[in-house]
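Residue numbers start from 1 in every chain, and the chains themselves are labelled A, B, ... in the order their sequence lines are given, proteins ahead of strands. Everything numeric here is computed off the predicted structure, so don't read it as measured data.
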Amino acid sequence: MPVIATASLTKRYPRVTALDELTVEVGSGVTGLVGANGAGKSTLLKILLGLIAPTAGSAIVLGHDVVTGGEAVRALVGYMPEHDCLPPDVSATEFVVHLGRMSGLPATAARERAADVLRHVGLDEARYRPMGGYSTGMKQRVKLAQALTHDPKLVLLDEPTNGLDPAGRDEMLTLVRRIGTEFGIPVLITSHLLGELEHVCDHIVVLDGGRLLRSESKAALTGETGVLAVEVRDLSGRDRLGAALERAGARARAEGPLVLVEISGEETYDIVRDTVAELGLGLVRVEPHRHRLEEVFSV
Amino acid sequence: MSDRTGVIHDIGYRHYDGPRLGRWAITQALMVSSLRHAYGIGRSGKSKVMPIFLLAVMVVPAAIVVGIENGLQFDKPPVEPVDYIYLLQPVIALYLASQAPQLFSRDLRYRSIVLYLARPPRRTDYALAKLTALVAAQMILICIPLVVLYAGALLAKYNFLQMSRQFVAGLAGALLLSILLAAIGGLIAAATPRRGFAVAAIIAVLIVSFTAATTTMAIVDEKGDMSSTAARYASLVSPFNLTEALQTWFLRNDRDGSWMPTTQQGLVFTAVYVLLVAACVWGVNARYAKVARG
């Protein structure tokens with residue numbers, strides 16, 4: 001059973017159509033919801049939480065209809081909003097405990113869970129200090145912790161990497177990946193950047209102007225092309241390798257610093273290994289050459 | 001048997017399979033925490049100052065009255081509980097102005113309201129929990145001095161039945177006033193995320209309405225005994241005068257300096273009271289509906 005299933009989901013406002021006949025399914029693991037600003041991502045999340053009613057169509061989340069069972073959905077889902085939502089005068093611990101209780105946890109359980117999730121998101125000593133003094137990275141961690149505190153069966157993360165520096169971005173994405181795999185909680189994560197979802201998602205849904213552009217597993221989208229990318233130490237090495245591979249009977253061409261070799265079978269790997277060794281080149285990397293998501297969607 | 005003591009094991013993510021409470025229990029928890037916050041409990045030391053100070057201002061005069069009536073042995077209590085409430089109405093107004101924004105504007109200002117709305121309680125539950133907490137907070141503020149007055153009156157050996165009747169009338173008056181003030185203060189505070197605006201607006205509304213009511217009464221009431229119908233209906237404008245008249249009529253509590261509304265007037269007062277509270281509660285709820293749509 002899919003975690004989320006929508007059927008012809010439509011949301012019209014007086015002037016704009018935010019969602020247009022959206023039919024999409026989301027399963028376990030990490031699913032990326034990609035689209036430009038105004039593509040309908042936030043509207044979709046709000047409908048999935050039962051906060052706004054769709055104009056037409058239906059959405060089922062964890063087996064509950066969002067219109068009639070909003071309360072049941074919200075008890076099972078964790079939500080991390082895009083914008084700032086933390087009061088500055090309380091500590092992360094107090095706040096997460098309080099929100100745990102607001103999700104129906106008894107007082108003691110709320111305290112234990114808060115301590116647990118704050119440790120998992122990597123907020124240690126700072127958690128007893130008022131949140132007003134937190135960095136953006138720490139605030140994002142608290143926002144993620146409050147979405148996890150009631151052990152949800154699904155988490156909806158709205159642009160969790162917003163405002164983070166590259167290192168913070170990587171840490172947040174690693175955390176998201178862990179939630180989807182190690183914690184076993186399905187994740188729906190939105191972003192307007194395809195590139196950053198590429199590494200953490202199992203499945204990508206692309207929205208454009210409220211319509212479904214594509215919904216495919218990442219493997220299908222960025223599937224292996226049957227091409228091996230080889231990089232060696234310097235450019236003259238690249239040319240020598242290319243020529244030697246051609247002589248050995250493999251089809252190869254240079255692209256940037258890489259030599260792209262068409263994989264015709266298991267023996268292609270052996271030819272590459274042997275040729276590099278014969279020429280005595282410094283091997284930097286050998287990897288299957290994938291389409292980047294940007295290429296996939298830029299059409 | 002392990003000799004590697006002091007090693008912290010990462011036990012990984014643990015799922016929760018204990019009990020989960022329902023909407024009602026959650027709403028109750030929100031109400032209790034909001035009530036605590038209304039007296040600064042669980043908040044910074046600074047935020048305890050105002051509510052505790054105002055509570056002291058409410059209680060100290062009552063304690064003095066009790067001391068005097070016990071020392072000087074008057075024939076009857078110098079001040080009835082109901083009248084005590086209206087004597088100290090500026091303090092009650094200040095409390096409302098200082099704490100209603102704490103309960104309502106805060107979550108809007110920092111947008112933490114979104115985190116509540118994404119949880120099981122409905123926005124109506126949230127609004128009602130906050131309003132109930134504000135009513136309860138004001139009941140505490142008003143009723144503690146009433147209890148002091150009552151205890152003092154019994155100590156001074158006044159007629160037990162009469163004193164109990166007055167005490168109950170005081171509680172009823174306090175409840176009527178707390179509900180109406182919470183509804184009005186809640187609506188104003190929920191309308192703006194800016195705390196300062198809310199404080200100023202609540203004070204302004206209460207002062208303007210009270211001044212308008214008393215001035216109109218003074219002008220219209222030629223004989224000075226509130227026999228003029230127009231003067232009586234002027235009470236409708238101010239929450240304090242409205243609840244006082246309503247309480248007098250409801251409990252047939254005729255006292256010195258009060259006036260007894262006719263049945264027709266009483267019904268009008270009741271209708272206006274109910275409509276006002278209903279409109280404000282509806283307004284608060286509508287406000288959160290708008291917030292939820294975001």
Chemist: Rounded at 0.5 Å granularity, tell me how far CE in A/Met102 sits from CG in B/Leu115.
Modeler: 12.0 Å

Chemist: Counting heavy-atom pairs closer than 4.5 Å to chain B, which one of A/Pro81, A/Pro106, A/Ala72 comes out on top?
Modeler: A/Pro106

Chemist: Rounded to the nearest 0.5 Å, what's the gap from CG on A/Asp89 to NZ on B/Lys46? Could you check?
Modeler: 9.0 Å

Chemist: Is it the case that atom CZ in B/Phe197 sees more than 12 heavy atoms from other parts of the structure closer than 6.0 Å?
Modeler: no

Chemist: At a 4.5 Å cut-off on heavy atoms, which part of A/Ile185 comes close to chain B: side chain, backbone, both, or neither?
Modeler: side chain

Chemist: Could you have a look at A/Val90, A/Leu105, A/Val77, A/Leu99 and say which one has the most heavy-atom pairs with chain B under 4.5 angstrom?
Modeler: A/Leu99

Chemist: Do A/His98 and B/Tyr116 make the cut of ring centroids closer than 6.0 angstrom?
Modeler: yes

Chemist: Please look at A/Thr149 and chain B and tell me whether the side chain, the backbone, both or neither of the residue comes under 4.5 angstrom of a heavy atom of that chain.
Modeler: side chain

Chemist: Quick one: OH on A/Tyr79 to CZ on B/Arg119, what's the gap to the nearest 0.5 Å?
Modeler: 11.5 Å

Chemist: For chain A, which residues from residues 24-35 of chain B have at least one heavy atom closer than 4.5 Å to it?
Modeler: B/Ile26, B/Ala29, B/Leu30, B/Ser33

Chemist: For B/Pro120 versus A/Ser103, what's the shortest heavy-atom pair and its separation?
Modeler: CD-CA, 4.0 Å

Chemist: Between A/Glu112, A/Arg101, A/Lys46, A/His83, which residue shows the highest count of heavy-atom pairs closer than 4.5 Å to chain B?
Modeler: A/His83

Chemist: In this structure, are over 12 heavy atoms from other groups packed under 6.0 Å from A/Arg169 atom CZ?
Modeler: yes

Chemist: Closer than 3.5 angstrom, by distance alone: can the side chain of B/Arg20 be matched with the main-chain N or O of A/His150 as a donor-acceptor pair?
Modeler: yes

Chemist: Does the pair A/Asp84/B/Arg111 count as a salt bridge with the N-to-O cut at 4.0 Å?
Modeler: no

Chemist: Side chain, backbone, both or neither: which part of A/Lys11 has an atom under 4.5 Å from a heavy atom of chain B?
Modeler: neither

Chemist: Ignoring hydrogens and angles, state whether a donor on the side chain of B/Tyr13 or A/Asp151 is under 3.5 Å from an acceptor on the partner side chain.
Modeler: yes

Chemist: Please check if the number of heavy atoms outside A/Tyr13 that lie under 6.0 Å from its OH is greater than 12.
Modeler: yes

Chemist: Would you say that A/His120 contacts B/Arg14 through its side chain, given a criterion of any heavy-atom pair below 4.5 Å between the two side chains?
Modeler: no

Chemist: Do the side chains of A/Cys85 and B/Tyr110 get nearer than 4.5 Å, heavy atoms only?
Modeler: no

Chemist: On a heavy-atom basis, which atom in B/Ala292 and which in A/Leu51 lie closest, and how many Å separate them?
Modeler: O-CB, 4.2 Å

Chemist: Under a 4.5 Å heavy-atom cut-off, does chain A meet the side chain of B/Arg109, its backbone, both or neither?
Modeler: neither

